[in-house]
Number of protein chains: 2
Amino acid sequence: MQTDKLRTALVDDHPIVIEGLKTLLQNETNLEVTSTFFKGEDFLSYIKVNQVDLVLLDVTLPDINGMDLCQMIKRESLSIIVLILSNHTERSIIMQTIQNGASGYLLKNSSLDELRHCISEAVKGNICFSKEVTEIISRPSKNQLQDRPQLTRREKQILSLLAQGKTSHIIAEELFLSPLTVDTHRRNLIQKFSAKNVAELIMEANQLGLL
Amino acid sequence: MQTDKLRTALVDDHPIVIEGLKTLLQNETNLEVTSTFFKGEDFLSYIKVNQVDLVLLDVTLPDINGMDLCQMIKRESLSIIVLILSNHTERSIIMQTIQNGASGYLLKNSSLDELRHCISEAVKGNICFSKEVTEIISRPSKNQLQDRPQLTRREKQILSLLAQGKTSHIIAEELFLSPLTVDTHRRNLIQKFSAKNVAELIMEANQLGLL
DNA sequence: TTGAAAATACCTAGAAATCAGTAGAAATAA
DNA sequence: TTATTTCTACTGATTTCTAGGTATTTTCAA
């Protein structure tokens with residue numbers, strides 16, 4: 001650490017949230033809010049010139065969405081610790097931000113204690129979620145509740161080859177089968193997923209984590 | 001907690017790992033290893049009759065893979081805390097296990113301290129990773145490094161409609177365009193992703209988190 | 001060993017997608 | 001305002017997919 005306090009930025013399009021966070025954090029000994037932004041682009045420009053150690057980021061921003069922004073920040077500088085502070089409670093959004101390099105995710109109704117805790121964990125290099133968020137992640141996702149189609153070994157195999165953009169003809173050659181057989185399997189796959197064609201099939205299979 | 005000690009199960013196909021863990025954990029005051037399994041199926045049968053509070057799970061098992069098993073366990077009983085103990089260092093595998101309800105992920109070379117720490121966090125309802133795993137998650141994934149194709153507004157729109165299994169004809173109707181125009185966009189999309197057809201296009205788009 | 005499920009393979013025929021070009025109009029950034 | 005990108009639309013030929021069936025053989029569990 002180059003200074004004694006973490007240079008902290010806030011990015012949120014609600015002035016009230018910015019003010020609230022500033023007030024909440026002003027007595028923290030280990031960090032100092034050095035800049036605030038309403039737009040993602042502004043923050044991206046800022047970090048090209050200024051040093052930032054930690055950023056609290058909203059997901060909903062006027063110009064860029066927080067998930068993409070998170071990625072861009074990390075691309076700019078890996079050393080910036082990104083914590084997401086959001087109202088979104090959808091599992092997919094939470095997972096996406098972590099995928100994109102965030103060190104944690106908190107809901108805006110989190111307590112100051114939780115915020116403090118997550119910041120300190122993040123600084124230590126850990127990934128941290130607020131209580132509520134952990135519950136959302138742990139809760140089985142929709143995919144898991146909705147029972148996925150039961151695929152046979154051959155079907156799984158052909159599904160994966162289809163996902164690679166291979167034609168029936170090619171697949172048939174690779175598996176030493178008649179193209180007609182592959183067609184049949186393909187048809188059964190489409191039916192099992194109640195898809196209209198292979199495109200939708202691949203989409204569904206992806207969403208169910210089968211590819 | 002119903003008993004004073006956490007009833008802990010170990011699932012791993014390597015007898016040596018099982019023995020090692022048993023030895024390591026035998027002096028823990030807060031848990032007791034009550035059962036061990038080499039195969040996933042065996043464990044699934046076991047929990048239908050017996051109470052288990054915590055399970056340490058390997059990803060590579062002879063019958064079922066740990067990611068799917070994790071999901072099945074959670075479907076059987078949400079109260080069982082699942083910690084993954086694995087040698088796999090691929091990001092996608094780690095994320096998948098968390099998606100499937102695991103409370104943490106450790107590499108097999110983790111220290112006993114790390115294991116202790118993760119267990120205690122998991123019991124508290126948190127999600128916890130060992131140091132090395134946290135680094136893997138934080139490290140930008142391949143997707144993010146390989147720059148994704150730059151799509152125009154129209155292309156994004158048509159991509160998403162294609163993913164719904166719609167034909168050029170249908171899409172053209174919905175967007176008040178000529179089917180020939182939609183064909184052109186489709187072709188450009190396929191080219192930008194260097195895919196062989198729409199199936200591969202949808203697959204790629206999914207992997208890049210664009211759908 | 002006897003079903004049931006899975007895998008294999010075929011037919012016909014229409015629908016849709018893909019390849020390989022070209023090119024004007026519209027929108028947008030420099 | 002100019003330059004560039006994006007959106008639009010077309011031709012023609014070819015390949016691949018999809019939908020409706022049917023049917024035999026293999027495999028695996030009860």
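Between C:dT8 and A:Thr181, no contact under 4.0 Å exists linking OP1 or OP2 to a side-chain N or O. Put simply, B:Arg186 has a side-chain N or O that comes within less than 4.0 Å of OP1 or OP2 on C:dT18. Side-chain N/O atoms of A:Thr184 include none lying less than 4.0 angstrom from OP1 or OP2 on C:dA7. In this structure, A:His185 reaches the C:dT8 phosphate: one of its side-chain N or O atoms is under 4.0 Å from OP1 or OP2.
A salt bridge is absent between B:Lys5 and B:Glu28; no separation between the charged side-chain nitrogens and carboxylate oxygens falls under 4.0 Å. Between B:Lys108 and B:Asp12 there is a salt bridge, with a side-chain nitrogen of the basic residue lying less than 4.0 Å from a carboxylate oxygen of the acidic one. Salt-bridge formation is not detected for the pair A:Lys39/A:Asp42: no Lys NZ or Arg NE/NH1/NH2 atom is positioned less than 4.0 Å from an Asp or Glu carboxylate oxygen. In summary, A:Glu200 and B:Lys166 do not engage in a salt bridge, as defined by a charged side-chain N under 4.0 Å from a carboxylate O.
Between the CD atom of B:Glu200 and the P atom of D:dC17 there is a distance of 13 Å, rounded to whole Å. Separating the CD atom of B:Gln191 from the C1' atom of C:dA20 is a distance of 10 Å, rounded to the nearest angstrom. Nucleotide D:dG21 holds its P atom 13 Å from the CG atom of A:Asn188, rounded to whole Å. When rounded to the nearest whole Å, the span between NZ of B:Lys156 and P of D:dC7 equals 10 Å. Rounded to whole angstrom, the span from the CG atom of B:Leu151 across to the C1' atom of D:dC7 amounts to 15 Å. In this entry the distance linking CG of B:Leu201 with C1' of C:dT18 reads 13 Å, nearest Å. Put simply, CZ on A:Phe176 is 18 Å from C1' on C:dA9, counting in whole angstrom units. Here D:dC17 presents its P atom at 12 Å from CD1 of A:Ile158, a figure rounded to the nearest Å.
Comparing D:dC17, C:dT18, D:dA9 against the side chain of B:Asn197 picks out C:dT18 as the nearest. Residue B:Val198 places its side chain closer to C:dT18 than to any other of C:dT18, D:dT8, C:dC19. You'll find that the side chain of B:Arg153 is closest to C:dT28, out of D:dT18, C:dT28, D:dC10. Distance from the side chain of B:Ser168 is smallest to C:dA17 among D:dC7, C:dA17, C:dA6. Side-chain atoms of A:Thr167 lie closest to D:dT16 of the nucleotides D:dT18, C:dC10, D:dT16. Checking C:dA7, D:dT18, C:dT18 against every side-chain atom of B:Asp183, the shortest atom distance belongs to C:dT18. Picking from C:dC19, C:dA9, C:dA7 the nucleotide with the shortest atom distance to the side chain of B:Arg187 gives C:dC19.
For the side chain to side chain contact (heavy atoms under 4.5 Å, CB included) with B:Leu175, the qualifying choice from B:Ile170, B:Val182, B:Ile158 is B:Ile158, the only one to do so.
DNA chain D is contacted by both A:Ile190 and B:Lys192; B:Lys192 maps to the nucleotide lying nearer its 5′ end (nearest heavy atom per residue).
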